Amino acid sequence: MLEQWLGSVNRFVWGPPLLILLVGTGIIFTFRLGLLQVIRLPLALKLVFKAKNEGEGDVTSFGALATALAATIGTGNIVGVATAIKIGGPGALFWMWMAAFFGMATKYAEGLLAVKFRKIDDNGQISGGPMYYIEKGLGIKFKPLAVFFAVSGVLVALFGVGTFPQINAIVSSAQSSLGIPVVVTAGVVTLLTALVTIGGLKSISHVTTKVVPVMAIIYLIASSIVLIVFADQIPHALSLILHGAFNATAAGGGFLGATVMMAIRNGIARGVFSNESGLGSAPIAAAAAKVKWPAEQGLVSMTGTFFDTIIICSLTGLTLIITGVWNGSTDGAEMTQAAFDAAMPYGSIILMFCLILFAFTTILGWNYYGERCMEYLFGVKSILPYRIVFIVLIGLGAFIKLELIWQLSDIVNGLMALPNLVALLGLSGVVVTETRLYLKHMKTHKK
């Protein structure tokens with residue numbers, strides 16, 4: 001009954017209004033900023049590695065991006081993509097692409113506003129994110145909306161993306177691939193989480209700046225091997241994706257069939273779960289970057305969605321489709337493991353290693369997000385108790401049913417997105433103005 005009730009709530013939260021608001025916000029920013037996610041993408045990619053890091057902040061611009069990527073590149077890239085395609089068919093991948101394309105403009109706006117309206121807390125650390133640009137940007141009368149976001153952010157960190165889906169994916173993958181008992185894996189991950197997160201953002205950033213590039217490269221190489229082995233199936237896979245995006249996908253094998261709405265809903269929902277554009281999480285990390293120009297960090301933040309969905313989720317989706325496992329009997333991480341095993345020896349072991357790194361770094365990133373939301377709500381004294389609760393929930397999350405985890409994660413994700421999207425639309429004029437100032441500065445600087 002609990003699962004049915006959560007399913008009903010999830011369908012309501014992720015109904016047409018929220019999907020339209022999510023994609024619509026990205027479309028509005030895309031046109032108001034003149035296709036910035038296309039025209040300025042080369043500059044954004046250059047800034048990822050060559051930002052000057054001149055302004056106030058706790059970590060480098062790349063460190064802030066690495067922390068945000070650590071939180072976004074997680075089970076959504078492996079389990080989430082598999083779930084979307086299993087339920088919505090190959091067409092779901094197309095809608096993930098669409099959500100990511102417009103989501104890049106949304107992520108840009110989030111990163112810009114995070115730096116524009118950040119503050120220094122009582123511990124001397126930078127605090128920022130939607131709760132601050134809601135209160136300081138829209139005005140004090142909108143503080144209830146900021147509080148709603150912060151409460152939702154804590155719920156996502158403790159009961160959604162930050163804990164349960166990640167630890168569950170780690171323990172199930174370790175058990176199915178290597179036969180490691182759940183309790184052992186859960187204990188090790190919980191201990192490692194405690195060792196890193198107690199040190200705060202600088203400790204988390206120190207780990208993520210080293211781990212995130214390595215784990216991304218390993219996954220890119222492994223996925224590319226699958227694509228090379230099944231290269232002859234790529235044209236057919238692309239045909240299935242485009243056809244399934246606008247037409248119902250018939251049942252076949254272990255696939256139960258999917259309507260167009262199922263493809264759209266699962267593609268967008270899982271895409272947002274993966275890249276978090278519009279969710280309001282990434283700007284919490286972006287606020288801590290050492291940058292002078294808000295728009296500069298906006299551009300760096302925008303690349304997070306590009307790396308996460310346009311590249312990594314696409315690789316996952318294509319491996320599932322070209323190997324044919326999408327219409328088999330497996331689901332979740334086991335489906336992706338089957339795709340890797342079909343192309344290379346020890347494919348499931350390689351995927352398990354990637355999944356563990358993805359999920360662990362997501363845990364670290366979301367620990368920080370929840371911490372900043374707690375600090376906004378209750379002050380710096382609430383940070384340590386929050387960290388302790390977070391660590392305990394990591395250990396407990398390994399023993400919770402997977403279906404309930406995804407339902408709960410989707411619900412709290414949706415609740416977090418609503419106030420953030422309202423703020424983004426309300427502050428769109430600020431985003432456009434700051435963008436023009438930065439581009440004018442860049443043009444003058446070149447001369």
Side-chain angles (χ1 to χ4, degrees), residues 2-3 5-15 18 21-22 68 70-72 74-76 80 110 127-132 134-135 142-169 193 197 269-270 272-285 359 362-379 382-423:
L2 176 60
E3 190 172 334
W5 181 79
L6 286 175
S8 298
V9 174
N10 188 18
R11 285 187 292 273
F12 173 77
V13 171
W14 284 98
L18 180 57
L21 184 59
L22 272 166
T72 54
T75 57
E110 290 177 314
S127 283
M131 53 279 196
Y132 291 98
I134 290 172
E135 181 180 336
F142 286 91
K143 185 165 184 175
L145 198 65
V147 171
F148 182 81
F149 173 86
V151 171
S152 299
V154 173
L155 291 175
V156 175
L158 294 180
F159 304 107
V161 181
T163 52
F164 297 161
Q166 313 304 330
I167 185 64
N168 191 278
T193 301
T197 58
R270 294 288 173 230
V272 171
F273 180 90
S274 177
N275 63 54
E276 299 174 12
S277 295
L279 189 62
S281 52
I284 298 175
T362 297
I363 289 170
L364 299 182
W366 268 97
N367 173 273
Y368 176 70
Y369 292 163
E371 173 188 304
R372 291 295 93 189
C373 288
M374 282 292 290
E375 185 275 330
Y376 175 81
L377 293 169
F378 305 110
S382 65
I383 293 176
L384 183 58
Y386 160 80
R387 288 176 181 170
I388 293 171
V389 172
F390 185 93
I391 291 166
V392 170
L393 288 174
I394 289 297
L396 295 177
F399 306 97
I400 296 177
K401 191 177 179 183
L402 182 61
E403 288 77 9
L404 294 177
I405 290 171
W406 284 111
Q407 298 276 23
L408 188 59
S409 294
D410 277 351
I411 291 169
V412 289
N413 274 7
L415 293 176
M416 190 176 177
L418 283 170
N420 180 55
L421 293 169
V422 171

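Owing to the predicted nature of the structure, the values given are computational and were not obtained by experimental measurement.
Taking every heavy atom of both residues into account, Gly280 and Pro283 meet most closely at O-CG, 3.3 Å. In terms of heavy atoms, Ala282 sits closest to Tyr369 at CA-OH, 3.5 Å. In terms of heavy atoms, Ile284 sits closest to Phe149 at CD1-CE2, 4.4 Å. Closest approach of Leu18 and Gly414 over heavy atoms only: CD2-CA, 3.8 Å. Residues Phe164 and Phe159 approach most closely at CD1-O, 3.6 Å, considering heavy atoms. Contact detail for Cys373 and Gly153: the closest heavy-atom pair is SG-CA, 4.0 Å.
Formation of a donor-acceptor pair under 3.5 Å by the Tyr132 side chain with backbone atoms of Ala146 is not found in this model. Between the Glu110 side chain and the Gly278 main chain, a donor and an acceptor come within less than 3.5 Å of each other. A distance-only check finds no donor-acceptor pair linking the side chain of Glu371 to the backbone of Ile383 [under 3.5 Å]. Under a 3.5 Å cut-off, the side chain of Thr163 and the backbone N or O of Leu158 do form a donor-acceptor pair.
Here the CG-CD1 distance, from Asn367 to Ile391, works out to 7.0 Å after rounding to the nearest 0.5 Å. Put simply, CD1 on Ile167 and OG1 on Thr193 are 7.0 Å apart, with the number rounded to the nearest 0.5 Å. Atom CG of residue Leu415 and atom CZ of residue Phe148 lie 5.0 Å apart, to the nearest 0.5 angstrom. For the atom pair CD1 of Ile134 and CG of Asn420, the computed distance is 6.5 Å after rounding to the nearest 0.5 Å. Atom CD of Gln166 and atom CH2 of Trp366 lie 10.0 Å apart (nearest 0.5 Å). How far OG of Ser277 is from CG of Leu421: 10.5 Å, rounded to the nearest 0.5 Å.
Relative orientation of the Tyr386 and Phe390 rings is tilted, given thresholds of 30° and 60° on the angle between their planes.
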Steps toward side chain to side chain contact (heavy atoms under 4.5 Å, CB included) verdict (Leu418, Leu21): CA-CA 8 Å; Leu418 283 170; Leu21 184 59; 4.0 Å; yes

